[in-house]
Enquirer: 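Please read through the structure below; I'll follow up with questions.
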Amino acid sequence: MTCNLESLALPQFKSSKVQVFKVIGLVFILALELLNPLNLETIFAQANFYQGKTIRVIVGYQPGDNHDQWARTYARFMGKYIPGNPNFVVQNMPGAGSMIAANHVYNMTKPDGLTLGSFGGALIMAQLTGRKEVQFDWPKYGWIGTPYRAGHLLFMRSDAPAKTFEQLRQTNDPPRCSATGVGSTGYDIPRLLEDAMGLKFKVISGYPGGADQDLAMERNEVQCRAITVDGFFGREPFITWLKKGFVRVWLQTEKQRHPKIPDVPTIFELMDQYKIPDGKRRLVNTYLGLWGFGSMPIVTTPGTPQDRVNLLREAYWKMFSDPEFVEDTTKKNWEPRPVNGEELAGLAKEVVNQPPDVSDALKRILSK
C-alpha cells in the first residue's frame, strides 16, 4: 500500500474566487470523510480489539536465522503502527524447510489477526509439485508483505575439489549441498541447476535450520549451499567466510550482477555460455519468476477479517519508514526493498495456475 505524497499535492491554482471556493470545497469534503462516523467506528473498533492484546509471530526457522532476526525486528517496531499498540512475541517452529510453521499457521491458528507467520517463499514449489506434506493453499493466506524480492546465489567452500563449471559438470564426486528440506532454496536451486545446466550436486536435506548448516559447512560435512543474496549478506558467518576466502560464490540468479558480487556470473550468462536450449531456459525463468514472494514473506491466518488484514499491511508498510527502524536495519547492513501484501496476494492467485507442462517439469525436478 504505497502512498506517493507528490500525487496528493494540490495543483497550482490561479487567483480567483471560483478556484478559492473549489479549494475550500475540497477541504470540506476531505474533512467530512475523515470525520465520517463509519470510518471512525472502524478505527475505534480495531483499537479496542488490539488494545492489551499480543500478536504472535511464528517463525519457521531457528533462533538467529535471517527469518528470526527479521521477525524480532518486526516485534520491536510494527506495533507502533497498529491501533491499540499490541505487544509482539516471536515463537520459533523450525522444521521441514519451514513447512511445519506454514501448516500450523494455516490450520491451527484463529483467524483473528493475532497470528503472523514467517516461512520460506520457496514453499509455493511444494504446493505446485504436489508434495503430500503440504496442508495449505497458498492464495488463501492473508498476505502482509515481504522485505525483499530477492535473487539467489550458490556458494561453495574454496577448498572443494571442483574449481570450474566444466569440472562441476564432469565430476563423478559431486559436492554436497545442505538444505532444510524440499521446497527450500537450498534444495530447489541445486536441483534446478542440475536439470538446466548439467551441474552436479548431492543435496543433503533435513537440517533443522541455518545454524546447523553453518556448522556442517565448517566441519566439511557439506561443501555448498544455495541462499538468497540478501540472506547471505545479512548475517554472519557468511560475510566473514567470504572476506577470508573460506567460501567462493559461484553464481547468482538475478538478471543483472549484484553490486556486492560484481565478479560472479548470473545464471543467464551461464545459460548463454553453455547454449542451454529454450525449453530449459523457460523452466528456469518460470521458477525464478515465482520468487516475487521473496525469501521471507509475512502472512496471517486464512479467513482473518479483511479490515484487520489491511490494517496489518498498512502497519507493516509504515514500519519501513520509521527512522529508528531505518537506523536499526542500516546498522545490520540490511537493504530492504519491501513489497506490499496486496501485490503478493495477487501474485499468489496467479502462480498456482501453472500450465500442466510446467507443473510436470517442476515436479520432476524438485520432488526427487
Side-chain angles (χ1 to χ4, degrees), residues 1-3 57-58 60 67 97-113 115-152 182-185 188 192 228 253 255 282-317 320 336-367:
M1 293 179 288
T2 58
C3 182
V57 187
I58 297 178
H67 287 76
S98 73
M99 181 85 71
I100 292 174
N103 286 336
H104 181 85
V105 171
Y106 192 90
N107 296 288
M108 304 298 291
T109 61
K110 293 181 179 180
D112 55 8
T115 302
L116 298 178
S118 173
F119 44 74
L123 282 182
I124 178 57
M125 297 300 166
Q127 180 171 347
L128 290 178
T129 55
R131 299 291 299 181
K132 66 179 184 300
E133 299 90 347
V134 172
Q135 299 172 21
F136 56 77
D137 186 2
W138 200 250
K140 292 183 180 179
Y141 285 112
W143 292 91
I144 306 304
T146 186
Y148 298 113
R149 179 171 284 166
H152 314 78
V182 176
S184 67
T185 302
D188 291 355
L192 190 69
T228 62
T253 66
K255 291 186 180 294
R282 284 195 298 272
L283 187 62
V284 169
N285 279 313
T286 297
Y287 176 86
L288 296 178
L290 296 176
W291 266 86
F293 300 102
S295 59
M296 289 172 278
I298 298 294
V299 305
T300 191
T301 310
T304 297
Q306 190 60 47
D307 58 346
R308 290 181 194 168
V309 173
N310 292 340
L311 185 148
L312 291 168
R313 287 175 178 173
E314 185 175 356
Y316 183 81
W317 191 259
F320 285 88
R337 299 178 297 281
V339 183
N340 67 66
E342 186 175 0
E343 183 175 344
L344 295 182
L347 179 62
K349 292 179 181 178
E350 292 177 13
V351 299
V352 294
N353 296 312
Q354 293 297 317
D357 59 328
V358 173
S359 296
D360 290 344
L362 288 172
K363 186 173 184 178
R364 172 177 56 82
I365 296 168
L366 304 179
S367 298

Enquirer: Can you tell me how far CE of M125 sits from OG of S184, rounded to the nearest 0.5 angstrom?
Expert: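 Between atom OG of S184 and atom CE of M125 there are 11.5 Å.
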Enquirer: Looking at every non-hydrogen atom in both residues, tell me the closest pair between L123 and G97 and how far apart they are.
Expert: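 Result for this residue pair: CD2-O, 3.7 Å.
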Enquirer: When you measure from the side chain of T300 to the backbone N and O of G113, does any donor-acceptor pair fall under 3.5 Å?
Expert: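 Between the backbone of G113 and the side chain of T300 there is no qualifying donor-acceptor contact (under 3.5 Å).
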Enquirer: Looking at residues at least two apart in the chain, or sitting in another chain, which of them share a side-chain contact (heavy atoms from CB on, under 4.5 Å) with L288?
Expert: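 With sequence neighbours excluded, L288 shows a side-chain contact (heavy atoms from CB on, under 4.5 Å) to H152, T253, I267, F268, V284, given in chain and number order.
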Enquirer: What pairs with T286 under side-chain contact (heavy atoms from CB on, under 4.5 Å), at least two apart in sequence or on another chain?
Expert: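 With neighbours one apart ignored, the set is Q354, V358.
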Enquirer: Who passes side-chain hydrogen bond (donor to acceptor under 3.5 Å, both in side chains) against T301, sequence neighbours left out?
Expert: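 Only T109 meet the side-chain hydrogen bond (donor to acceptor under 3.5 Å, both in side chains) criterion with T301.
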Enquirer: Roughly how far, to the nearest 0.5 Å, is the CG atom of D360 from the CD1 atom of I365?
Expert: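 Going from CD1 on I365 over to CG on D360, the span is 11.0 Å.
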Enquirer: Report yes or no: does Q127 contribute a side-chain atom to a donor-acceptor pair with the main-chain N or O of V134 at less than 3.5 Å?
Expert: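 The answer is no, because no donor-acceptor pair under 3.5 Å joins these two groups.
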Enquirer: Would you compute the distance between atom CH2 of W317 and atom CD of E342 and round it to the nearest 0.5 angstrom?
Expert: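 So the CH2 of W317 and the CD of E342 are separated by 11.0 Å.
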Enquirer: If you measure only the distance, is there a donor-acceptor pair under 3.5 Å linking the side chains of N310 and E314?
Expert: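 No pair is found: no donor N or O on one side chain lies under 3.5 Å from an acceptor on the other.
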Enquirer: Please report the closest heavy-atom contact between P305 and P111, naming both atoms and the distance.
Expert: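 Scanning both residues completely, I find the closest heavy atoms to be CD-O, 3.3 Å.
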Enquirer: Could you label the plane-to-plane angle of the Y141 and F119 rings as parallel, tilted or perpendicular, counting under 30° as parallel and over 60° as perpendicular?
Expert: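 Plane angle between 30° and 60°, so tilted.
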Enquirer: Which pair of non-hydrogen atoms, one from K140 and one from Y106, has the smallest distance, and what is that distance?
Expert: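 In terms of heavy atoms, the two residues are closest at CD-OH, 3.3 Å.
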Enquirer: Does D112 offer a backbone N or O that forms a donor-acceptor pair with the side chain of R308 under 3.5 Å?
Expert: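 Checked: pair present.
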Enquirer: Tell me the closest heavy-atom pair linking N353 and K349, and the distance in Å.
Expert: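 For N353 and K349, the tightest heavy-atom pair comes out as ND2-O, 3.2 Å.
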Enquirer: Determine whether P147 and F320 make a side-chain contact, defined as any pair of heavy atoms from C-beta on separated by less than 4.5 Å.
Expert: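 Yes. Closest side-chain heavy atoms under 4.5 Å.
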Enquirer: Once side-chain contact (heavy atoms from CB on, under 4.5 Å) is applied, do any residues pair with A345, and if so which ones, sequence neighbours excluded?
Expert: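 Expected list: W143, R313.
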Enquirer: Tell me if a side-chain donor or acceptor on N107 pairs with a main-chain N or O of Q135 at a distance below 3.5 Å.
Expert: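 Between the backbone of Q135 and the side chain of N107 there is a qualifying donor-acceptor contact (under 3.5 Å).
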Enquirer: How long is the straight-line distance from CG of L362 back to CG of L128, given to the nearest 0.5 Å?
Expert: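 Atom-to-atom, L128:CG and L362:CG are 6.5 Å apart.
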Enquirer: For D357, which residues count as a side-chain contact (heavy atoms from CB on, under 4.5 Å) partner, sequence neighbours excluded?
Expert: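 For D357 the side-chain contact (heavy atoms from CB on, under 4.5 Å) partners, ignoring immediate neighbours, are P355.
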Enquirer: Under the rule for side-chain hydrogen bond (donor to acceptor under 3.5 Å, both in side chains), what residues qualify as partners of E133, not counting sequence neighbours?
Expert: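 Checked E133 against side-chain hydrogen bond (donor to acceptor under 3.5 Å, both in side chains); matches are R131.
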Enquirer: Kindly compute the distance separating CG (L116) from OH (Y316), expressed to the nearest 0.5 Å.
Expert: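 So the CG of L116 and the OH of Y316 are separated by 10.0 Å.
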Enquirer: What pair of heavy atoms forms the shortest contact from V352 to I124, and how long is it?
Expert: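 So the minimum-distance heavy-atom pair works out to CG1-CD1, 4.0 Å.
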Enquirer: Rounded at 0.5 Å granularity, tell me how far CZ in F293 sits from OG1 in T146.
Expert: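 Interatomic distance, F293 CZ to T146 OG1, rounded to 0.5 Å: 10.0 Å.
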Enquirer: Could you report the tightest heavy-atom contact between V105 and G117, atom names first, then the distance?
Expert: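 Distance-wise, the nearest heavy atoms are CG2-CA, 3.9 Å.
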